[in-house]
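Written out below as structure tokens is the structure these notes cover.
Chain letters run A, B, ... following the sequence lines, proteins first, then strands; residues in each count from 1.
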Amino acid sequence: MIVEKAPAKLLPIEIEVDSISFTYPSGIQALEDITIHVSSGERVALIGQNGAGKTTLVKHLNGLLKPVSGSVKVGSWDTHDHSVAQMATRVGYVFQNPDDQLFQRTVWDEMMFGPRNLRWSAERAASSVQASLEMVGLEHIKEMHPYDLTFSSRKLLALASVLAMDTQVVIIDEPTTGQDYRGVQQIGSILSELNKQGKTIIGVTHDIDFCAEQFERSILMAGGRVVLDGSTRQVLSQISVIDQAYVEAPQLMRLAEKLGWDFMPLTVEEFIHHLDG
Amino acid sequence: MISLQGVTYSYPGTSSPALRDLSLEIPRGQFCAVIGPNGAGKTTLAYILAGFIPHFYHGSLQGEVNVEGKNAATMPQRELLRLVGLILQNPFNQISGTKVTVQDEIAFGLENLGIPREEMVARVAAAMELVGVSELAERSPLGLSGGQMQRVAIASVLVMQPAILVLDEPTSQLDPVGSREVFQAVREMASSGQMTVIMIEHKVEWVAAFADRAIALVDGALLADGEPRHVLAIDTVWRAGVGQTRYTLAARRLQELGKWQDGKRLPVTLDEATLTFKAFQKRR
């Protein structure tokens with residue numbers, strides 16, 4: 001399958017979040033002085049308890065929300081100066097709830113909506129849509145109504161519809177919700193594949209075992225602030241800090257701690273290697 | 001008490017049954033988890049218990065479903081709704097959208113039953129407390145995060161005090177601590193004999209820790225039924241695509257490498273894994 005390359009792919013895009021704060025109109029302060037830098041091609045997980053500010057933060061990256069103070073830059077674009085439609089050419093955002101995102105009458109139309117808005121040629125749009133559907137394994141249901149799909153398939157469709165726009169940055173909010181074991185594995189391979197293509201992946205997840213296996217870097221948030229930011233191993237192995245943030249360490253790290261190991265494994269393979277090494 | 005006898009069901013316009021010849025008995029006060037890959041029939045089972053099937057979805061239903069000793073298909077739906085509370089998979093679908101505050105949203109079902117105001121206030125407060133949303137009482141239900149909405153959806157069903165509580169992936173939007181709290185709350189309600197609980201869940205570590213029983217469904221049929229620790233260690237359950245804890249997966253990896261003692265049961269929980277792998281380290 002030949003996928004036409006989008007121009008965005010040629011230029012690496014850095015994300016600079018510079019001391020941003022955000023307060024919702026209701027008066028709830030959701031983010032407080034957040035500074036993070038994400039390099040092109042990184043795989044970053046945002047973790048933390050419900051209400052920690054993870055979704056609020058990612059909604060700043062594509063300009064859906066603008067910081068009350070501080071700035072967010074995606075490449076050279078400051079989100080204050082660019083519309084959400086412009087930002088959408090650089091940052092794709094897969095919503096937590098697919099039903100917030102899906103509204104067309106067939107899977108194919110749903111998929112074509114983004115590329116059409118980008119004013120791509122019909123050929124380029126169709127080829128990108130086809131490739132994205134194949135990537136998530138939904139190419140056989142093009143004519144179906146999105147609402148006739150199961151929740152887990154709607155999640156995959158929501159992901160595919162964002163992938164079809166071929167943005168350099170892909171944000172995926174709670175990708176494993178409602179997926180069964182194989183579905184979770186599939187999402188993992190899709191993320192690996194996207195990362196191989198050089199895309200930047202930013203995932204919001206409560207599935208801490210998935211986080212350990214799939215993301216090289218993790219940012220732990222609590223109460224609208226960044227508490228820890230580093231390699232996933234460094235972050236997750238600080239079990240007491242993780243516990244205080246109401247997140248539980250991954251199963252294999254909890255096991256390693258019980259076994260009295262200093263080594264904190266991220267994957268089953270690492271665990272076995274250390275056990276049996 | 002729930003009993004299913006030879007239940008086979010096909011959705012309208014489909015030829016392949018979503019549930020096949022399912023027979024089950026779930027005694028009062030039991031916390032029964034339903035596990036299985038997507039498409040296995042878990043949500044269909046939930047709909048049957050709550051009477052959505054056949055009252056709302058028609059299709060073809062064979063066999064008999066009894067809830068608290070009465071036939072669910074012939075019982076007036078109103079009666080069934082009071083007996084069985086269903087928490088839907090997607091909490092966004094459970095919120096009425098007509099209420100201004102979380103508190104009113106949770107009281108919605110009670111209003112329709114004509115419960116006296118004082119009792120209503122007390123029950124709403126207790127339900128909010130139980131799932132940890134008391135501080136959201138005055139907030140708009142529509143402005144909540146996914147996790148908060150899920151808790152509100154759970155409270156709106158608990159407040160009805162159904163004899164049978166059916167939960168379809170109730171912790172999908174919750175953080176680990178929130179998930180554990182829901183499991184604990186449900187565990188307590190079942191243990192106190194107040195409710196029979198049927199919970200569809202993929203989080204098998206918590207299923208093993210909290211549920212009395214696990215039913216594994218695959219392709220609409222019952223594949224395994226028993227204590228969660230046993231069910232989750234069964235090879236056919238694993239091969240059918242049912243999730244496993246990383247502890248079990250690690251043991252399976254050793255098995256593949258030919259380094260697992262024949263016949264030794266696979267660990268499912270952290271405690272079992274600690275014992276098993278400590279012993280493994282010693283042997284080496």
Side-chain angles (χ1 to χ4, degrees), chain A residues 24-26 28 30 47-52 54-56 95-100 150-154 173-174 176-185 206-209 212-213 242-243 245-261 265 267-269 271-272 275-276, chain B residues 35-40 42-43 89-93 139-140 143-151 168-169 171-180 202-205 238 240-247 249-254 256-257 259 267 269-271 273-275 277-278 280-281 284:
Chain A
Y24 279 103
S26 60
I28 295 166
I47 55 174
Q49 80 174 129
N50 287 125
K54 306 179 302 290
T55 296
T56 305
F95 282 66
Q96 185 174 1
N97 180 9
D99 301 342
D100 287 346
T150 62
F151 184 79
S152 53
S153 296
R154 291 206 299 283
D173 201 345
E174 296 290 357
T176 61
T177 302
Q179 300 291 342
D180 61 11
Y181 181 75
R182 283 175 188 160
V184 173
Q185 301 301 304
H206 286 310
D207 187 337
I208 209 73
D209 299 298
E213 288 163 356
I242 294 274
D243 283 349
Y246 296 100
V247 175
E248 293 190 339
Q251 292 173 13
L252 292 172
M253 288 194 185
R254 281 185 272 146
L255 177 56
E257 194 189 35
K258 291 262 187 194
L259 294 173
W261 294 5
T267 62
V268 167
E269 285 306 313
F271 175 82
I272 296 296
L275 180 78
D276 194 38
Chain B
I35 56 176
N38 289 336
K42 306 188 298 299
T43 297
Q89 190 174 29
N90 187 346
F92 304 93
N93 294 341
R139 293 267 299 274
S140 161
L144 302 177
S145 74
Q148 289 167 333
M149 208 176 271
Q150 194 150 38
R151 287 164 183 256
D168 194 353
E169 295 185 41
T171 69
S172 60
Q173 315 273 340
L174 298 182
D175 57 45
V177 173
S179 302
R180 189 194 276 271
H202 290 301
K203 291 177 184 164
V204 288
E205 187 178 21
W238 160 236
V242 176
Q244 310 267 289
T245 62
R246 264 57 177 188
Y247 317 126
L249 291 177
R252 289 194 186 283
R253 186 76 190 111
L254 284 177
E256 280 166 21
L257 296 168
K259 292 179 176 170
T269 63
L270 176 58
D271 288 345
T274 307
L275 286 173
F277 290 110
K278 260 195 184 142
F280 186 91
Q281 277 180 323
R284 279 181 46 83

Legend entry - Residue A:Gln185 versus chain B: region with a heavy atom under 4.5 Å: neither

Inset, instruction - Taking the side chain as every heavy atom from C-beta outward, state whether A:Leu255 and B:Thr274 have any pair of such atoms under 4.5 Å apart. - result: yes

Legend entry - Heavy-atom proximity to chain A below 4.5 Å, by part of B:Arg139: side chain

Inset, instruction - With the side chain counted from C-beta on, respond yes when A:Gln251 and B:Leu270 share a heavy-atom pair under 4.5 Å apart, and no when they do not. - result: no

Inset, instruction - Determine whether B:Gln244 and A:Tyr181 make a side-chain contact, defined as any pair of heavy atoms from C-beta on separated by less than 4.5 Å. - result: no

Inset, instruction - Sort B:Ala240 into side chain, backbone, both or neither according to what part of it lies under 4.5 angstrom from a heavy atom of chain A. - result: backbone

Legend entry - Flag side-chain contact, heavy atom, 4.5 Å: B:Gln281 against A:Leu275: yes

Inset, instruction - Find the distance between CD (A:Glu248) and CD (B:Glu205) and round it off to the nearest 0.5 Å. - result: 7.5 Å

Inset, instruction - With side chain to side chain contact (heavy atoms under 4.5 Å, CB included) as the test, would you mind laying out the steps for A:Ile272 and B:Leu257 before giving the verdict? - result: CA-CA 10 Å; A:Ile272 296 296; B:Leu257 296 168; 3.8 Å; yes

Inset, instruction - Could you look at B:Val242 and say if it's the side chain, the backbone, both or neither that has a heavy atom under 4.5 Å from chain A? - result: backbone

Inset, instruction - Could you check if a side-chain atom of B:Thr43 sits within less than 4.5 angstrom of a side-chain atom of A:Phe151, using non-hydrogen atoms only? - result: no

Legend entry - side chain to side chain contact (heavy atoms under 4.5 Å, CB included) between A:Gln179 and B:His202, intermediate numbers included: CA-CA 8 Å; A:Gln179 300 291 342; B:His202 290 301; over 6 Å; no

Inset, instruction - Examine distances only and state if a side-chain atom of B:Asp175 and a backbone atom of A:His206 form a donor-acceptor pair shorter than 3.5 Å. - result: no

Inset, instruction - Would you please say whether a donor-acceptor pair under 3.5 Å links the side chains of A:Glu174 and B:Gln173? - result: no

Inset, instruction - Heavy-atom pairs under 4.5 Å with chain A are the metric here; pick the option from B:Val204, B:Thr171, B:Asp271, B:Leu174 that has the most. - result: B:Leu174

Legend entry - Part of A:Glu213 lying under 4.5 Å from any heavy atom of chain B: side chain

Inset, instruction - Check step by step if side chain to side chain contact (heavy atoms under 4.5 Å, CB included) holds for B:Lys259 and A:Asp276. - result: CA-CA 9 Å; B:Lys259 292 179 176 170; A:Asp276 194 38; 2.3 Å; yes

Legend entry - Side-chain heavy-atom pair B:Lys278, A:Lys258 within 4.5 angstrom cut-off: no

Inset, instruction - Answer whether the closest heavy-atom distance between the side chains of B:Arg246 and A:Met253 falls below 4.5 Å. - result: no

Legend entry - Gap separating the CG atom of A:Asp207 from the OG atom of B:Ser179, nearest 0.5 angstrom: 10.0 Å

Legend entry - Part of A:Ile28 within contact of chain B (heavy atom distance under 4.5 Å): side chain

Inset, instruction - With a 4.5 Å cut-off on heavy-atom pairs, point out which of A:Val268, A:Thr150, A:Asn97, A:Ile208 contacts chain B the most. - result: A:Asn97

Legend entry - CD on B:Glu169 to OG on A:Ser152, rounded to 0.5 Å: 8.5 Å

Legend entry - Gap separating the CD1 atom of B:Ile35 from the CG atom of A:Asp180, nearest 0.5 angstrom: 12.0 Å

Legend entry - Any side-chain heavy-atom pair of B:Val177 and A:Val247 under 4.5 Å: no

